[in-house]
Amino acid sequence: MPDRVPSVLRVALPLPLPRLFDYLPPRGVAASAALVGRRVRVGFGSKVLVGIVAGIDAPDPAAGTLREADAVLDATALFDAELDASLRWAAGYWQRALGDVFATALPGPLRHGEPLPDTARAVWRLTEAGATATPALRAGTRPRALAERLRAGAQDEDALAAWSPQWRTPLRSLARRGLVERLWTTQPVPGTPRTPPPVLGAAQRRAVDAVCARLGEFAPLLLDGVTGSGKTEVYLAAIEACLAQGRQALVLVPEIGLTPQALRRYGERLPVPVHALHSGLSEGERARAWTAMARGEARVLIGTRSAVFTPLPQAGLIVIDEEHDASYKQQDGFRYHARDLALVRGKTLGVPVLLGSATPSLETLHHAMGGRYAWLRLSERAGEAIAPQVHVLDVRAQPLVDGLSRPLRAAIAACLARGEQALVFRNRRGFAPVLLCHDCGWHADCERCDSAMTLHGRHTLLCHHCGARRRVPPACPQCDSLGLVPQGAGTERLEQALAAEFPDVPLVRVDRETTQHRDALEKHFAALGDGAGILVGTQMLAKGHDLPRLTLVAIASIDDGLFSADFRAGERLAQLLIQVAGRAGRAALRGAVWLQTHHPDHPLLRTLLTGGGYHAFAAEALAERRAAGFPPFAHLCLLRAEATGQAELDAFLAEAFALAENAFGVTRHAPMPAPMPRRAGRLRAQMLLSSPQRGALQALLRELFPRLHALRERKKVRWSLDVDPVDLY
DNA sequence: TTTAGCCGTCGG
DNA sequence: CGACGGCTAAAA
Ligand SMILES: [Zn+2]
Ligand SMILES: [Zn+2]
């Protein structure tokens with residue numbers, strides 16, 4: 001009889017093991033349903049872990065003696081009912097252990113058992129003495145400017161930092177004289193000066209109205225608008241309406257989109273403090289923002305992929321900017337898709353989910369075309385702006401010197417002569433992608449990967465896949481020839497060539513090497529100034545900072561992307577081209593886009609650049625996907641595996657293939673080597689599963705996942721299931 | 001995934 | 001005989 005009494009805690013631990021672990025409650029604590037969702041500290045093997053109580057149950061008679069949990073760490077559940085349900089759904093959908101999913105959803109300090117942080121924020125206001133003394137402060141000084149600002153109302157430290165990065169200096173000067181004082185508050189601080197909203201165009205107005213009409217219910221909406229059509233103003237107006245109803249808003253942006261400039265824009269336009277969650281914050285700051293949302297103190301949170309796990313107890317609206325962006329899919333561990341999880345949360349929460357993009361993903365477009373998503377179109381650039389003129393440069397008959405043809409150099413020179421700015425785009429960093437022997441055809445390959453090494457500078461060969469680094473050999477290792485030549489041009493080579501040709505204008509290279517830190521990108525843009533200048537770089541330049549003087553976009557080459565085997569490569573390339581091209585031109589200055597290619601007749605380029613643009617491309621690509629049985633017309637799961645020995649790898653995938661036999665009508669494709677069969681010394685292979693029915697695939701995965709865990713052959717193999725993979729690499 | 005523990009080999 | 005490496009089962 002006592003065996004039937006629910007007396008054990010079923011705990012989700014942060015491990016990749018797909019099961020829960022049973023513990024007795026700590027001494028003096030009764031096992032009650034009220035403990036579900038709270039963190040507990042438990043001994044596990046020889047170490048101590050922090051887990052979350054996932055349920056309360058009767059003890060399993062088959063189990064041996066249970067350990068006692070050390071302590072319950074929370075007074076209430078960390079996740080509310082909605083977040084808890086959404087996380088459980090995510091664990092099932094993307095096939096990941098619940099404890100691992102819970103751990104991913106928590107900011108570091110909470111994951112490690114720290115108490116919820118204090119969310120009170122420091123607010124500075126003028127003292128009475130300060131108010132009196134302000135007019136007497138020396139005019140034109142920073143303390144005077146700060147005092148004037150505070151006279152309009154108290155400000156929190158975020159607002160002061162937005163005003164000036166060096167806000168502490170004048171503040172300290174005022175504080176020393178007793179003119180300002182610090183308070184602690186969890187309330188939003190009113191009185192932050194706000195930029196008035198611009199007048200919206202008719203299409204923007206319609207879009208805002210469409211979103212506002214759906215506040216209070218689940219509604220997926222696609223905001224489909226070209227670069228410069230004013231999507232952000234639509235977000236801001238919708239968020240204001242959401243705030244006015246007393247609800248919270250969550251905004252997801254791609255990693256690269258969360259610039260200080262973008263944050264400032266949200267902060268200045270909205271009547272409440274805007275909290276940010278991004279990789280540049282300390283763990284403590286992330287925990288504070290998360291907790292402030294959980295307590296309802298924060299009303300607007302803007303963040304990157306992992307911000308989708310933020311509690312939204314008073315949710316009103318979720319916005320996903322650049323919804324097509326691949327960075328929303330986590331590429332290791334718990335391989336969730338933030339956009340898709342946001343849609344599920346929106347449905348559970350009963351709030352609209354606004355998906356914005358100039359180049360919507362084919363999945364989202366397909367939903368919009370089928371009427372499942374409301375489709376809001378902003379077809380014109382806001383204001384007077386006109387679309388840029390596109391030149392496709394056939395370089396088959398053109399000599400390329402350092403990757404640049406004569407007509408392109410001439411176009412850049414003309415642009416600079418007008419005092420305008422040029423962006424030269426090339427999606428390969430380094431000096432040259434290949435180092436080739438002119439005499440025997442040998443090229444420098446990585447010893448641990450099936451991939452060529454990239455030449456960096458003049459003397460270094462670098463593998464972009466495993467990080468291997470070595471010196472350029474003095475002569476060809478195969479034929480002793482001295483004729484080793486860099487083949488092709490990366491950003492570094494373009495930079496040098498442009499610097500030599502245009503020595504008098506500022507030139508900035510933007511790629512992973514030059515832009516390590518968070519603020520480096522902003523510094524680069526500042527270094528460019530607002531006169532004539534050149535930016536060279538990779539897709540880091542595709543969005544971000546607004547550059548009004550930029551009128552010429554030169555795409556040095558994207559030919560290597562035209563023939564990729566991956567089913568999503570075309571979509572990616574089209575999105576990238578449209579994004580980069582969209583940077584050319586503004587209201588008064590018409591932009592031009594130059595594309596150098598050896599394949600001017602490639603269907604993708606014809607349709608995209610000289611035909612009907614992105615939507616015409618998308619229609620063709622969707623037809624191809626339908627014919628080939630790829631998403632959105634089928635749902636995929638990729639079983640990836642890697643091992644040091646080929647035999648172990650093959651044996652594992654052969655077993656996995658057998659396990660997937662005839663199940664639920666899901667198509668199992670024969671195991672095959674990965675597109676890069678060897679990487680960092682490890683052999684890689686994969687098996688694809690596909691089904692037109694998402695439910696059938698999910699049913700198979702529910703059976704397959706535990707069986708894979710139980711396989712003997714799994715031992716020497718690292719494997720993972722990737723549900724809805726963004727690429728098959 | 002991590003790790004304790006078992007067993008077999010090998011050097012001292 | 002004890003150290004070490006490789007393999008396996010178990011972690012509640
Ligand atoms: Zn050679
Ligand atoms: Zn390598």
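Under the 6.0 Å distance and 45° angle rule, A:Arg668 counts as a cation-pi partner of A:Phe657.
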| task | Mind running side-chain contact (heavy atoms from CB on, under 4.5 Å) on A:Ser690 and A:His669 for me, showing each step along the way? | result | CA-CA 8 Å; A:Ser690 71; A:His669 302 257; 3.1 Å; yes
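Separation of the A:His709 and A:Trp719 ring centroids falls under the 6.0 Å cut-off.
Here A:Asp80 contributes atom CG and A:Leu312 contributes atom CG; the two are 8.0 Å apart, rounded to the nearest 0.5 Å.
For A:Arg39, the salt bridge (charged side-chain N to carboxylate O under 4.0 Å, His left out) test picks out A:Asp74, with sequence neighbours left out. Residues meeting the side-chain hydrogen bond (donor to acceptor under 3.5 Å, both in side chains) test with A:Arg694, sequence neighbours left out: A:Tyr93. For A:Arg428, the side-chain contact (heavy atoms from CB on, under 4.5 Å) partners at least two apart in sequence or on another chain are A:Arg426, A:Pro433, A:Asp560.
Listed in residue order, the members of residues 41-54 of chain A having a heavy atom less than 4.0 Å from DNA chain B are A:Ser46, A:Lys47. Of the residues in residues 16-31 of chain A, those placing a heavy atom less than 4.0 Å from an atom of DNA chain B are A:Pro16, A:Leu17, in numerical order.
For DNA chain B, the outermost nucleotides in 5' to 3' order that have an atom under 4.0 Å from a heavy atom of chain A are B:dT1 to B:dA4.
Distance, A:Glu713 CD to C:dC7 P: 15 Å, rounded to whole Å. Across the protein-nucleic acid pair, A:Lys716 atom NZ and C:dT8 atom C1' stand 12 Å apart, rounded to whole Å. Rounded to an integer number of Å, the gap from A:Arg712 CZ to C:dC7 C1' is 11 Å.
For the pair A:Asp100 (side chain) and A:Leu15 (backbone), a donor-acceptor distance under 3.5 Å is absent.
Evaluated for a ring-ring contact (aromatic ring centres under 6.0 Å, His included) with A:Phe102, the options A:Phe334, A:Phe79, A:Phe309 yield exactly one hit, A:Phe79.
Counting non-hydrogen atoms of other residues, nucleotides and ligands closer than 6.0 Å to CZ of A:Arg512 gives a total of 12 or fewer.
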